[in-house]
Amino acid sequence: MSSSSVEEITDQSNDLFTQDGVLLKACSGRPVNELNSIGMLCIVQNSDGTKSIEWRPSDIITVCAVQEQDWALVNAIGRRQRTFSGNLTADYATARARIIRMPLNELKIFRVTNRNQQMSFSNKVGVWQSTFFFQHGNAEVFIAYLKSHVKTAKSSRDRNTYLVVEPTDETRALNRSFTELDIFQENTTDVVWNIVSNLKERPYETTMEAFSKLSSIGLDYNSGSQLLYYGNEASSKRDVSEEVADLLTKSMVAAEEAHSVTKSDEYEVISMKPTLPPRPSIPRSTPLSQEKWEGLQDTLGRVTEMDGVKQLIFRGGVAHSIRKQVWKYLLDYYPWHMTHAELKALQKKRTDEYYCMKLQWRSMTEGQESRFTEYRDRKSLVEKDVNRTDRTHPFFAGDNNPNLETLQDILMTYVMYNFDLGYVQGMSDILAPLLLLMGNEVDTFWCFVGFMERIASNFDMDQAGMKHQLLQLQQLVMFASPELAQHLALKDSGNMYFCFRWLLVWFKREFSLIDIMRLWEVLWTGLPCANFHLLICVAILEAEKEVLISGDYGFTEILKHVNELSMRIEVNKVLSSAEGIYHQIISAPHLTDQIRIILGLTPLGTSAPTEDDDAPEATGTNCKDNDAAANAVLEYDGIEISIVTQTVWALLA
């Protein structure tokens with residue numbers, strides 16, 4: 001910050017924001033006797049339209065002709081004009097010379113310390129030009145207003161330091177486009193900067209946010225509140241401007257070039273198309289019924305054939321009447337071997353644990369929260385996301401909905417359960433169907449814990465888990481559909497970013513709630529291979545291959561088309577197709593170790609564990625000898641599918 005000249009002070013300018021009671025603690029080039037002075041810290045708009053941070057000593061305020069005796073401690077002012085006469089007294093001239101000003105376009109970095117009561121500013125990294133102390137409270141309001149005028153990003157080295165991100169012509173143009181389309185309810189400038197400015201440091205997370213914004217255009221104005229549940233949503237959606245899409249494409253390409261991640265062979269196009277065996281058509285079966293479920297338990301309630309149950313669920317899902325009970329087993333809340341009496345005791349124990357964790361955050365005082373930044377930030381994010389989660393569904397619709405409060409309580413308790421992970425955008429999407437089905441807060445929480453154990457890597461801060469899955473998906477597409485992989489690579493879409501949302505929240509936004517329940521329970525079985533959810537992606541893309549290739553779709557069109565598939569995908573058809581792709585892949589004579597590893601198969605040349613090593617002990621009246629079980633197979637289009645036990649084979653038959 002620098003001292004103002006006479007010319008600068010006499011120019012007409014407007015106060016946009018003022019906060020008094022601000023002590024000057026340090027300033028480069030100022031004598032010691034001017035430090036520790038009280039004054040007012042302002043954000044002003046100059047006559048030329050530029051903005052500045054300005055600190056004025058209290059004595060200039062006292063003698064100023066436009067003095068306002070009734071100024072509050074903190075004033076957020078729309079436009080209050082201030083002018084200074086050329087006939088200045090000697091005292092005023094002396095005080096005026098002590099004004100400190102820094103143009104916002106020169107601000108590079110600022111830091112907040114001492115419980116948000118102290119701020120330092122710099123226009124050159126490594127040198128702090130000035131430091132101020134807020135005597136009447138803290139700097140949070142000033143910071144919030146400052147952030148509305150400059151775009152910032154937290155330093156990776158110091159979480160109390162903010163870097164100012166400079167705007168570009170591209171981001172300004174993108175901001176104008178979003179404003180004209182009226183896509184976003186929140187401030188469009190913030191949205192654009194979240195989409196574009198963050199791409200360099202967080203390409204994967206930012207991509208998901210952008211796709212989510214673009215795909216929600218039509219859903220936000222969908223007046224049929226019950227459509228989401230039954231899966232017959234109207235297909236009419238708002239078109240996304242080509243200008244917006246082109247700018248987004250440019251931003252992503254620029255970020256990709258700037259990102260220092262070596263991706264050797266990641267975009268290798270297969271020029272020779274290996275011959276794959278025919279893809280079998282495998283029909284779906286009927287859901288696991290209550291009768292079958294009870295038949296697979298002993299008299300004490302133990303599930304005697306866990307693998308058999310999973311086989312039945314994979315083939316046809318679970319009947320809705322017993323879904324609430326079966327999901328507790330699939331999500332590792334209930335151990336398969338426990339009796340009814342043991343489960344009752346377990347549930348009581350889990351209930352006590354839940355309310356103990358809930359009390360930890362519910363009993364936190366305002367003072368504790370004010371000194372616990374990470375907790376406060378996560379709580380704010382939870383509140384924001386809960387208020388926009390599945391609000392078109394009757395279960396979550398309306399104001400003062402108690403189900404939203406329960407949703408928030410569960411997420412906040414999970415923050416206490418796993419504070420290392422905390423809360424990340426997308427978790428509310430995962431939780432909503434669980435609460436809708438369970439209805440019980442405690443049961444929902446522990447099922448959510450089990451689900452998060454499976455997909456926690458999706459929410460890693462460095463997005464390493466998502467990067468790995470996108471690379472695996474790319475490799476599967478290259479193997480199963482080389483023609484499509486080649487097209488995607490040629491159209492700068494080989495990175496599979498457009499599938500990011502599918503993987504992050506396990507297709508939650510692509511299917512109706514009743515269909516996502518069916519898909520999730522099938523995926524939770526872990527059958528027929530590891531990463532079956534990636535084959536779901538392949539199946540969806542295969543179904544759209546002809547459209548993408550014949551239409552010569554580029555990145556923009558692919559992104560738009562994929563987002564418009566939401567609520568238009570048939571879950572049983574996709575499951576059948578994905579299973580067929582799996583059998584087609586593992587039957588291929590050129591199957592590589594790379595693909596084997598992705599699907600959880602033993603690489604060539606590696607000795608596989610014998611069945612005796614991992615097979616559970618056979619117990620109960622439904623057990624059959626190994627020879628009989630070996631003959632239990634189903635055959636579809638020449639593909640033999642092994643069945644776990646004769647009992648399951650009989651139930652399927």
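In this text, all values refer to a predicted model and were calculated from it rather than measured experimentally.
With 3.5 Å as the limit, one finds no donor-acceptor pair spanning the side chains of Gln368 and Tyr375.
The two residues Thr444 and Gly439 have their closest heavy-atom pair at OG1-N, 4.2 Å. Heavy-atom minimum distance, Leu541 versus Cys499: CD1-SG, 4.1 Å. The shortest heavy-atom contact between Trp128 and Ser122 is CE3-CB, 3.7 Å. Summarising the geometry of Phe395 relative to Asn401, their closest heavy-atom pair is O-ND2, 3.1 Å, with the distance given to 0.1 Å. When all heavy atoms are compared, the tightest approach of Ile430 to Leu434 is O-CG, 3.8 Å. Nearest heavy-atom pair, Thr152 versus Val165, reported as atom, atom and distance to 0.1 Å: C-CG2, 4.2 Å.
Within the 3.5 Å criterion, the main-chain N or O of Leu503 finds a donor-acceptor partner in the side chain of Asn458. Using modelled atom types, no side-chain atom of Thr525 and backbone atom of Glu521 make a donor-acceptor pair closer than 3.5 Å. Checking side-chain atoms of Glu54 against main-chain N and O of Val44 turns up no donor-acceptor pair under 3.5 Å. Here the side chain of Asn403 pairs no donor or acceptor atom with the backbone of Phe396 at under 3.5 angstrom. In this structure, Gln135 contributes its side chain and Leu23 its backbone to no donor-acceptor pair below 3.5 Å. Trp55 places a side-chain N or O within donor-acceptor distance of the main-chain N or O of Val22, the cut-off being under 3.5 Å. A donor-acceptor distance shorter than 3.5 angstrom exists from the side chain of Asn531 to the backbone of Ile598, with no hydrogens or angles considered.
Remark: Met452 CE to Met427 CE distance equals 3.5 Å, nearest 0.5 Å. For the atom pair CG of Leu346 and OG1 of Thr351, the computed distance is 9.0 Å after rounding to the nearest 0.5 Å. We find the CG-CZ distance between Asn160 and Arg111 to be 8.5 Å, quoted to the nearest 0.5 Å. The CZ atom of Arg159 lies 5.5 Å from the OG1 atom of Thr373; values are rounded to the nearest 0.5 Å. Taken to the nearest 0.5 Å, the CZ atom of Phe511 stands 12.5 Å off from the CZ atom of Arg568. From Met416, atom CE reaches atom CH2 of Trp361 across 10.0 Å, with rounding to the nearest 0.5 Å.
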(request) Determine, step by step, whether Tyr423 and Asp385 satisfy the side chain to side chain contact (heavy atoms under 4.5 Å, CB included) criterion, reporting the C-alpha distance in whole Å, the side-chain angles of both residues, the deciding distance to 0.1 Å, and the verdict. (result) CA-CA 10 Å; Tyr423 178 81; Asp385 280 2; 2.8 Å; yes
(request) Dump the intermediate steps for side chain to side chain donor-acceptor pair (under 3.5 Å) on Thr389 and Ser428, then the final yes or no. (result) CA-CA 7 Å; Thr389 299; Ser428 60; 3.0 Å; yes
(request) Start with the C-alpha gap between Lys324 and Asn440, add the side-chain angles, then the distance that decides, and say whether side chain to side chain contact (heavy atoms under 4.5 Å, CB included) holds. (result) CA-CA 10 Å; Lys324 183 187 299 186; Asn440 177 281; over 6 Å; no
(request) Show your working on side chain to side chain donor-acceptor pair (under 3.5 Å) between Gln347 and Asp443 and close with a plain yes or no. (result) CA-CA 8 Å; Gln347 191 170 33; Asp443 290 344; 3.0 Å; yes
(message) Please evaluate residues Ile569 and Phe507 with respect to the criterion side chain to side chain contact (heavy atoms under 4.5 Å, CB included), reporting the C-alpha separation (whole Å), side-chain torsions for both, the decisive distance (0.1 Å), and the verdict.
(response) CA-CA 10 Å; Ile569 307 171; Phe507 311 97; over 6 Å; no
(message) Assess the residue pair Arg518 and Arg323 against the criterion (side chain to side chain contact (heavy atoms under 4.5 Å, CB included)); give the C-alpha distance rounded to whole Å, side-chain angles, the decisive distance to 0.1 Å, and a yes or no.
(response) CA-CA 10 Å; Arg518 174 57 45 80; Arg323 186 170 270 153; 3.2 Å; yes
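Within the 4.5 Å cutoff, side-chain heavy atoms of Tyr162 are placed close to those of Lys154. With contacts defined as side-chain heavy-atom distances shorter than 4.5 Å, the pair Leu16/Tyr145 qualifies. Side-chain contact between Ile410 and Thr413 is absent, with no heavy-atom pair separated by less than 4.5 Å. For the pair Leu431/Phe451, no side-chain contact is recorded, criterion being any heavy-atom separation below 4.5 Å from C-beta on. Put simply, the side chain of Leu519 does not reach to within 4.5 Å of the side chain of Val574, judged on heavy atoms. At a threshold of 4.5 Å between non-hydrogen side-chain atoms, the residues Met102 and Phe110 do not count as touching. Residues His320 and Met517 form a side-chain contact, since some pair of their non-hydrogen atoms from C-beta on lies under 4.5 Å apart. Here the side chains of Val562 and Arg501 are not in contact, with every heavy-atom distance at 4.5 Å or above.
Between Trp327 and Trp524, the ring centre distance stays below 6.0 Å. A centroid separation of less than 6.0 Å is found between the aromatic rings of Phe419 and Phe372. Between Tyr414 and Tyr417, the distance separating the two ring centers is shorter than 6.0 angstrom.
When each of Arg350, Lys348, Lys349 is checked for a salt bridge (Lys or Arg N to Asp or Glu O under 4.0 Å) with Asp352, only Lys348 meets the rule. When each of Arg376, Lys379, Arg378 is tested with Glu369 by the rule salt bridge (Lys or Arg N to Asp or Glu O under 4.0 Å), just one qualifies, namely Lys379.
No more than 12 heavy atoms of other residues, nucleotides or ligands sit less than 6.0 Å from atom CZ of Arg115. In the displayed structure, Glu405 atom CD is contacted under 6.0 Å by at most 12 heavy atoms of other residues, nucleotides or ligands.
In this structure, Lys508 pairs ionically with Asp390, as a charged nitrogen and a carboxylate oxygen lie closer than 4.0 Å.
Ring pair Phe498/Trp502 is perpendicular by interplanar angle, where above 60° counts as perpendicular and below 30° as parallel.
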